[in-house]
Amino acid sequence: MIIAPKIRGFICTTAHPEGCAANVQSQIDYVKSKGPLEDSPKKVLVIGASTGYGLASRIVPAFGGGASTIGVFFEKPGTERKTGSAGWYNSVAFENAAKEAGLYARSFNGDAFSDEMKEQVIEAIKADLGEIDCIVYSLASPRRTDPKTGETYRSVLKPIGAPYSQKNLNTDTGEVDSVTIEPAEDEEITNTVKVMGGEDWELWIDALKEAGVLADGFTTVAYSYIGPELTFPIYTNGTIGKAKEHLEDSASRMNESFGDGTAYVSVNKALVTQASSAIPVVPLYISLLYKVMKEADLHEGCIEQIERLFADHLASGSAPTLDDRNRIRIDDWEMRDDVQAAVAEAWEKVDTENLSELSDFSGYKSEFLKLFGFGLEGVDYEAETNPERPLPSE
Ligand code: NAI
């Protein structure tokens with residue numbers, strides 16, 4: 001099959017196996033170029049390990065610290081006639097590279113919110129690794145079925161209390177128009193917290209603890225975002241922000257109960273991922289931010305962000321540096337006053353006509369395609385390729 005991108009709104013419904021492999025390889029190469037981590041965890045579980053921040057969180061300890069990794073994700077394998085999802089091909093590529101490097105890697109494809117998945121992973125830890133010393137929680141999902149009640153909750157990306165109107169970029173057409181989003185109902189707020197808050201993170205840690213597979217002094221980290229004031233109504237002060245508040249409360253709750261072990265929330269930079277491209281207003285902000293940060297030589301992608309997270313905080317040999325709310329801040333460069341002032345100035349001026357001059361929309365689009373394995377150097381996109389790729393560990 002010859003595989004080309006098929007974009008439907010903010011999703012691409014095809015993915016290229018060789019392109020995804022090239023993407024994973026370039027992330028591995030980056031990590032190797034940074035040299036070994038000082039004090040890397042050695043047995044790492046990544047929940048949400050197939051794309052975006054979670055994939056980078058699997059690559060960094062594996063290739064920077066020689067860690068054994070277990071990855072959990074929800075992806076679609078390819079068949080003879082239909083391409084799989086990018087996260088599937090990324091995971092196949094990761095496992096192949098890990099195997100070649102002599103690193104243990106095992107993956108579980110299914111619903112991380114379920115009790116069954118937790119049980120399967122615990123069995124694998126018991127059988128293969130004995131214990132885990134670092135758990136990265138990097139899920140981004142539109143829905144969650146509560147394993148106790150069987151009820152399914154859907155998350156929404158909405159403001160709270162009042163409608164929010166802001167400039168918006170139609171990433172299909174390149175038009176800058178405006179969008180008004182009506183505020184969430186109370187039930188939508190509760191549901192979003194159920195899906196994207198810390199409840200499932202706590203359930204994972206409780207289950208691992210109960211099974212006796214957490215190493216002494218283990219660490220666990222989940223990811224959050226803050227961003228600029230202009231996106232506060234849709235992010236930080238919106239439904240997703242409430243969920244992130246809950247995530248931080250989960251970290252405090254776990255820290256009070258752990259004894260030996262620490263939970264962290266790391267606030268990361270806004271980046272093009274499958275999850276962020278679905279948030280209104282954010283793609284325009286990211287396009288302007290990329291331009292400013294690239295010009296200032298401060299730009300980072302997921303792999304650079306997570307390499308810094310491990311090198312400076314989680315695997316540095318000393319305790320992470322925390323802000324006044326106990327969070328790790330790798331969004332520090334994004335939030336620099338000069339960066340934010342330049343983005344705010346561009347935000348005021350940006351319209352459809354000057355978009356390509358004021359923003360890095362072309363960079364946004366090429367990063368978006370790269371998420372699905374398109375536009376990578378050295379890949380022959382005209383060549384026939386087999387979409388059916390098994391996971392080596394299955
Ligand atoms: P992503 O969409 O690239 O990755 C989501 C991951 O979750 C994938 O591995 C997917 O397979 C997995 N997943 C989704 N539902 C699942 C389920 N039911 N069972 C098992 N796996 C499931 O997302 P991204 O952007 O990397 O987000 C990860 C975390 O980072 C989220 O908490 C997000 O809020 C946070 N974050 C993202 C930022 C961004 O700009 N992209 C910025 C700061 C934080």
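One-based numbering, in listed order, for ligands and for the atoms of each. From a predicted model like this one, the values you see are computed outputs, not experimental measurements.
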Val265/Val221 under side-chain contact (heavy atoms from CB on, under 4.5 Å): CA gap, chis, key distance, verdict: CA-CA 5 Å; Val265 168; Val221 63; over 6 Å; no

Is there a side-chain contact (heavy atoms from CB on, under 4.5 Å) between Ile132 and Val213? Walk through the geometry before answering. CA-CA 6 Å; Ile132 284 289; Val213 294; 5.5 Å; no

Output, in order, the C-alpha distance, side-chain angles, deciding distance and verdict of side-chain contact (heavy atoms from CB on, under 4.5 Å) for Lys126 and Ile122. CA-CA 6 Å; Lys126 281 184 177 164; Ile122 286 168; 4.1 Å; yes

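Ligand 1 lies nowhere less than 4.0 angstrom from a heavy atom belonging to Arg144. Look at Cys302 and you'll find every heavy atom at least 4.0 Å from all atoms of ligand 1.
Heavy-atom contacts of Ser50 reach the following atoms of ligand 1: 8 (C), 9 (O), 10 (C), 11 (O) (cutoff under 4.0 Å). Near Ala270, the atoms of ligand 1 lying under 4.0 angstrom from a non-hydrogen atom of the residue are 40 (O). Set against the non-hydrogen atoms of Phe113, the atoms of ligand 1 under 4.0 Å away are 18 (N). The contact set between ligand 1 and Gly52, taken as ligand atoms under 4.0 Å from a residue heavy atom, comprises 3 (O), 26 (O). For ligand 1, the atoms closer than 4.0 angstrom to any heavy atom of Gly48 are 6 (C), 7 (O), 9 (O), 12 (C). Within ligand 1, the atoms closer than 4.0 Å to a non-hydrogen atom of Gly110 are 19 (N), 20 (C), numbered from 1 in the order shown. Listed by atom number, the atoms of ligand 1 under 4.0 Å from Lys244 heavy atoms are 31 (C), 32 (O), 33 (C), 34 (O). Below 4.0 Å from some heavy atom of Ala49 lie the following atoms of ligand 1, by number and element: 9 (O).
Polar contact with ligand 1: absent for Asn268 (N/O pair, distance under 3.5 Å). Checking only distances, Ala112 does come within under 3.5 Å of ligand 1, N or O to N or O. Close N/O approach between Tyr53 and ligand 1 is found [any backbone or side-chain N/O within under 3.5 Å]. Close N/O approach between Phe73 and ligand 1 is not found [any backbone or side-chain N/O within under 3.5 Å].
Side chain of Asn168 to main chain of Asp177: no donor-acceptor pair is present (N/O by atom type, distance under 3.5 Å, no hydrogens or angles). Side-chain atoms of Ser85 come within 3.5 Å of backbone N or O of Lys76 as a donor-acceptor pair.
The environment of CG in Asp186 is sparse: at most 12 heavy-atom neighbours from other residues, nucleotides or ligands sit within 6.0 Å. Residue Lys99 qualifies as open at atom NZ: its count of foreign heavy atoms under 6.0 Å is 12 or below.
Looking from atom 40 (O) of ligand 1 to the surrounding protein, the closest heavy atom is Leu271 N, 2.8 Å. Looking only at protein heavy atoms, the nearest one to atom 24 (P) of ligand 1 is Thr273 OG1, 3.8 Å. Atom 4 (O) of ligand 1 has Thr51 OG1, 3.0 Å as its closest protein atom, hydrogens excluded (heavy atom only). The protein non-hydrogen atom at the shortest distance from atom 22 (C) of ligand 1 is Leu139 CD2, 3.4 Å. Ranking protein heavy atoms by distance to atom 16 (C) of ligand 1, first place goes to Phe74 CB, 3.6 Å. Scanning the protein heavy atoms around atom 27 (O) of ligand 1, the nearest turns out to be Ala140 CB, 3.8 Å. The protein heavy-atom contact nearest to atom 15 (N) of ligand 1 is Ser141 CB, 3.5 Å. Nearest protein heavy-atom contact of atom 35 (C) of ligand 1 is Tyr223 CB, 3.8 Å.
For the pair Asp351 and Lys167, the salt-bridge criterion is not met [side-chain N within less than 4.0 Å of a carboxylate O]. Salt bridge absent: Arg325 and Asp323 never bring a charged side-chain N and a carboxylate O closer than 4.0 Å. A salt bridge links Glu295 with Lys291: the distance from a Lys NZ or Arg NE/NH1/NH2 to an Asp or Glu carboxylate oxygen falls below 4.0 Å. One finds a salt bridge joining Glu248 and Arg327 here, because a Lys/Arg side-chain nitrogen approaches an Asp/Glu carboxylate oxygen to under 4.0 Å.
Residue pairs meeting the salt bridge (charged side-chain N to carboxylate O under 4.0 Å, His left out) criterion with at least one partner in residues 193-219, sequence neighbours excluded, are Lys118-Asp200, Arg144-Glu199, Asp146-Lys194, Lys194-Glu199, Glu202-Arg253.
Using a 4.0 Å cut-off between heavy atoms, Ser224 contacts ligand 1 through its backbone alone, with no side-chain atom that close. Residue Ala222 does not touch ligand 1, judged by heavy-atom distances below 4.0 Å.
For the pair Phe258/Ile205, a side-chain contact is recorded, criterion being any heavy-atom separation below 4.5 Å from C-beta on.
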N/O donor-acceptor pairs under 3.5 Å from side chains in residues 5-24, not counting sequence neighbours:
residue	atom	partner	partner atom	Å
Thr13	OG1	Lys6	O	3.3
Thr14	OG1	Ala4	O	2.8
Thr14	OG1	Lys6	N	3.2
His16	ND1	Glu18	N	3.3
His16	ND1	Gly19	N	3.2
Glu18	OE1	Thr385	OG1	2.6
Glu18	OE2	Arg389	NH1	3.3
Glu18	OE2	Arg389	NH2	2.8
Asn23	ND2	Lys370	O	3.1

